[in-house]
2 protein chains.
Amino acid sequence: MTTRYGTRPTMKDVAARAGVGLKTVSRVVNGEAGVTSDMTARVQGAIAELGFRRNDSARLLRKGRTASVGLLLEDIADPFSGQLSRAVEAVARAHGSLLFTGSSGEEARREQELALAFCARRVDGLVVVPAGDDHRYLLPELAAGIAAVFVDRPAQLIDADAVLTDNVGGARDGVAHLIRHGHRRIAFLGDLPHIHTAAERLSGYRQAMAAADLPVDEDWVVMAPTDPSVVAASLDRVTGGPAPVTAVLCGNNRITLGVLRRLPSMVRRPALVGFDDLELADLLTPGLTVVAQDPAALGRAAAELLFHRLEGDHAAPRRVVLPARLIPRGSGETAP
Amino acid sequence: MTTRYGTRPTMKDVAARAGVGLKTVSRVVNGEAGVTSDMTARVQGAIAELGFRRNDSARLLRKGRTASVGLLLEDIADPFSGQLSRAVEAVARAHGSLLFTGSSGEEARREQELALAFCARRVDGLVVVPAGDDHRYLLPELAAGIAAVFVDRPAQLIDADAVLTDNVGGARDGVAHLIRHGHRRIAFLGDLPHIHTAAERLSGYRQAMAAADLPVDEDWVVMAPTDPSVVAASLDRVTGGPAPVTAVLCGNNRITLGVLRRLPSMVRRPALVGFDDLELADLLTPGLTVVAQDPAALGRAAAELLFHRLEGDHAAPRRVVLPARLIPRGSGETAP
DNA sequence: CTGAAAGCGCTTACAG
DNA sequence: CTGAAAGCGCTTACAG
């Protein structure tokens, strides 16, 4: 190789070396037909000697698409995000696209920064687990042809594709399950109320209680940050006081973790159903009963819808809702 | 906005609309000094009217760097990868870079495909959890100035930066811990032996046994795929037969999961130390004793080293080794 | 079958 | 302070 450090050969260099025109190099590199085997050999020789590799960024600039997709998560380290990412990656790969990934950290501003940075790179499409509550900033990008599919939570203030879990139904099933096992005083520990999934699950909780003609003491509903210490305090509150609950529905996996960590130090442990499954849930004593989402199915459906759009489907925005599944393992089947 | 669907305004369009030169638009967009406020206002007006957003891909082509980094993982859905990714993302973000992400699925060919695809996009650098055992395919890319840092496992057949956990020391500590609690027959269930970390941990196991003058029955060492059924069979084998072990060191988190799932159906449960921590490890009964890596620290160190290189550090390849930490929680402290 | 010219959307280097 | 020309590394459209 004749390359100096930090300098790459271009097609022009290859053409000069092989003594052919630039376009002939392009033809060989792209495997286009209509080049004599003699020419092809000369070009391939020059490519090998120079260590040439086509610059796909330049190529894609000219072609007008980038063969890349931006995936915007809440937190890539969360198991939910990991499963979802793997599914999106698999679909993107099948369509020849690379993946930009970023985490919003549940911050609207960070979400917007990242989404627009992806758009500035001219990704073909966006898969977004939204953190913010106003997605109008994306309108010019959508109008310019960037496809976007929202996952887990819908877009706000714009009409866009969304792939969601049936959060209302899932929470309803979880609470109904506790009621079937004899509980009448049931708490809901949820994430901050402005988060769409948190609000939906709270709504499912209320529906199930109402359907069973059970009153809801508003002290049983805590919508708060998911730090372990906050969750522990909430749990103490709903299980203590004048009207202690005998069962708890946890609004997401982080809240479930906080509750699980607090339980050992409690005298009377409430029955427990968690929203979102956990890796070792079946190995706990008792096993953890959960309302499980299917993050891989969410990711796959979202990515497939996205590529459908990229392939020219311009129908009205679609909303896909996947079911949540109750998995009884013990913690939700104890009597009051 | 006057944009037709699927067509974006360019700086040229903005210049025409504002009645100024292209370079003046560039100056305003990039916040360069030396533009009269009158000009600036006209340009900003045109930008707003047209919904212009600079094409960073075009910009970066001209600039010669892409402000992006490729992160190559084994499996984005693995908790180890998730933690590591978050740390890499945080560092990349601090340096104004976006992240391409991809999973090799422990396949050498897929690793190479992805790494070279990232290079073809001209990422500035690569953070790689390698799957393959021959990384010479990267030599032309490195020579051309793409920086690469390997994490968790070193590069093979090339001399490159690497950030690793002290796998030998960690495994040694885990086995020494079991020996201190009275065990003399200890099994090692590891991943396939060609995987660097698996081999290193096996080596640590042997060192600890040798240091305590304990013989190793080769039937106690199983290096195999990490599917739950394979792990279960291996566990049955080492705890049954003529010389049953009383304790087991698991070579990674997937193997630990397989063992944990098998334990409930066993009559005599061996003492257990797992390599890699698990989210609910402290809530199991007994708590799971582990040799914990720090995936976030690995990711941070790797990314920081990478950007150091990108900022001009051309010193000889470096190898950074981070300690593993034994966390006793119960499963590793039971007597034989 | 082959290649010179123009262009993708920007920035750089240089005049005015 | 402002802008026309050239160029980043490719592909497209068009001649020969």
Side-chain angles (χ1 to χ4, degrees), chain A residues 3 6-43 46-47 50-68 117 119-124 144-146, chain B residues 3 6-43 46-47 50-68 117 119-124 144-146:
Chain A
T3 33
T7 305
R8 306 197 69 124
T10 68
M11 281 194 179
K12 198 173 149 196
D13 299 324
V14 173
R17 179 81 160 222
V20 304
L22 187 55
K23 178 60 198 171
T24 299
V25 176
S26 175
R27 285 197 179 92
V28 172
V29 167
N30 293 298
E32 287 170 32
V35 184
T36 58
S37 58
D38 173 49
M39 278 285 190
T40 304
R42 267 160 65 194
V43 170
I47 287 175
L50 296 173
F52 170 79
R53 179 177 311 283
R54 183 180 63 196
N55 182 335
D56 280 344
S57 292
R59 166 170 218 251
L60 294 164
L61 170 63
R62 190 62 182 81
K63 290 222 141 213
R65 61 182 291 263
T66 60
S68 59
C119 291
R121 298 293 178 106
R122 297 296 187 267
V123 294
D124 300 323
I146 292 184
Chain B
T3 34
T7 304
R8 306 196 68 125
T10 68
M11 281 194 179
K12 198 173 152 197
D13 299 323
V14 174
R17 180 81 159 221
V20 304
L22 187 56
K23 178 60 195 170
T24 299
V25 175
S26 175
R27 285 197 179 91
V28 171
V29 167
N30 293 299
E32 287 171 32
V35 183
T36 58
S37 57
D38 172 50
M39 278 285 190
T40 304
R42 267 162 64 195
V43 171
I47 287 175
L50 295 173
F52 168 79
R53 179 176 312 282
R54 183 181 63 198
N55 181 334
D56 280 344
S57 291
R59 167 171 217 251
L60 294 164
L61 170 63
R62 190 60 180 84
K63 291 221 142 219
R65 61 182 291 264
T66 59
S68 58
C119 290
R121 299 292 178 106
R122 297 294 188 267
V123 294
D124 301 322
I146 291 185

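When reading the values below, keep in mind they use all heavy atoms of this one structure, side chains included, and skip hydrogens, waters and symmetry mates.
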What is the distance, rounded to the nearest whole Å, between atom [atom1] of [X] and atom [atom2] of [N]?
X: B:Glu32; N: C:dT12; atom1: CD; atom2: C1'; result: 10 Å
X: B:Lys12; N: C:dT11; atom1: NZ; atom2: P; result: 16 Å
X: B:Arg8; N: C:dC8; atom1: CZ; atom2: C1'; result: 14 Å
X: B:Lys63; N: C:dG9; atom1: NZ; atom2: C1'; result: 14 Å
X: B:Arg54; N: C:dG9; atom1: CZ; atom2: C1'; result: 11 Å
X: B:Leu22; N: C:dT12; atom1: CG; atom2: C1'; result: 12 Å
X: A:Asp13; N: D:dG9; atom1: CG; atom2: P; result: 8 Å
X: B:Arg121; N: D:dG9; atom1: CZ; atom2: P; result: 17 Å

By nearest atom, which of the nucleotides [options] is closest to the [X] side chain?
X: B:Val35; options: C:dT2, C:dC10, D:dT2; answer: D:dT2
X: A:Thr10; options: D:dT2, D:dC10, C:dC10; answer: D:dC10
X: A:Thr36; options: D:dT2, C:dT2, C:dC10; answer: C:dT2
X: A:Met11; options: C:dC10, D:dC10, D:dT12; answer: D:dC10

* To do: Scan residues 32-43 of chain A for pairs that pass side-chain hydrogen bond (donor to acceptor under 3.5 Å, both in side chains), counting only residues two or more places apart or in two chains.
  =>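 For residues 32-43 of chain A, and leaving out neighbouring residues, there are no side-chain hydrogen bond (donor to acceptor under 3.5 Å, both in side chains) pairs at all.
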
* Asked: Which part of the nucleic acid, if any, lies within reach of B:Asn30 when heavy atoms closer than 4.0 Å are counted: base, sugar-phosphate only, or nothing?
  ->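 The answer is sugar-phosphate, as B:Asn30 gets under 4.0 Å only of primed atoms, P, OP1 or OP2.
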
* Please confirm whether the backbone N or O of A:Val123 pairs with a side-chain atom of A:Ser68, one donor and one acceptor, at under 3.5 Å? =>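 Not a single qualifying donor-acceptor pair exists.
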
* Under 3.5 Å donor-acceptor, A:Arg122 side chain and A:Cys119 backbone ->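 Looks like yes, one N/O pair under 3.5 Å.
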
Reckon [X] has a side-chain N or O less than 4.0 Å from the OP1 or OP2 of [N]?
X: B:Arg62; N: D:dG7; result: no
X: A:Asn55; N: D:dC8; result: no
X: A:Ser26; N: D:dC10; result: no

Collect all protein-nucleotide pairs involving nucleotides 14-16 of chain D in which both atoms are nitrogen or oxygen and the distance is under 3.5 Å.
none

* Asked: Just the dot-bracket of DNA chain C, please: which string comes out with Watson-Crick or G-U pairs under 3.5 Å, [ ] for crossing, | for another strand?
  -> |||.||||||||.|||

* Taking the nucleotide of DNA chain D with the closest heavy atom to each, which residue, B:Val20 or A:Phe52, is nearer the 5' end? ->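 Comparing both residues, the 5'-ward one is B:Val20.
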
* Could you say whether B:Gly19 or A:Ala58 is positioned toward the 5' end of DNA chain D, judged by the nucleotide with the nearest heavy atom to each? =>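 Whichever sits nearer the 5' end wins; that is B:Gly19.
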
* So which heavy atom on B:Asp124 is nearest to which on B:Ala67, and how close? ->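 Result for this residue pair: OD2-N, 2.8 Å.
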
* Heavy-atom pair of closest approach, residues A:Leu22 and A:Lys12 ->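 In this case the closest contact between A:Leu22 and A:Lys12 is CD1-N, 3.6 Å.
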
* Do B:Arg59 and B:Val29 come close enough that some side-chain heavy atom pair is under 4.5 Å? ->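 No, too far: nothing below the 4.5 Å cut-off.
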
* Would you say the side chain of A:Thr10 lies within less than 4.5 Å of the side chain of A:Asn55, judging by non-hydrogen atoms? ->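 The answer is no, as the side chains (C-beta and beyond) never meet within the 4.5 Å cut-off.
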
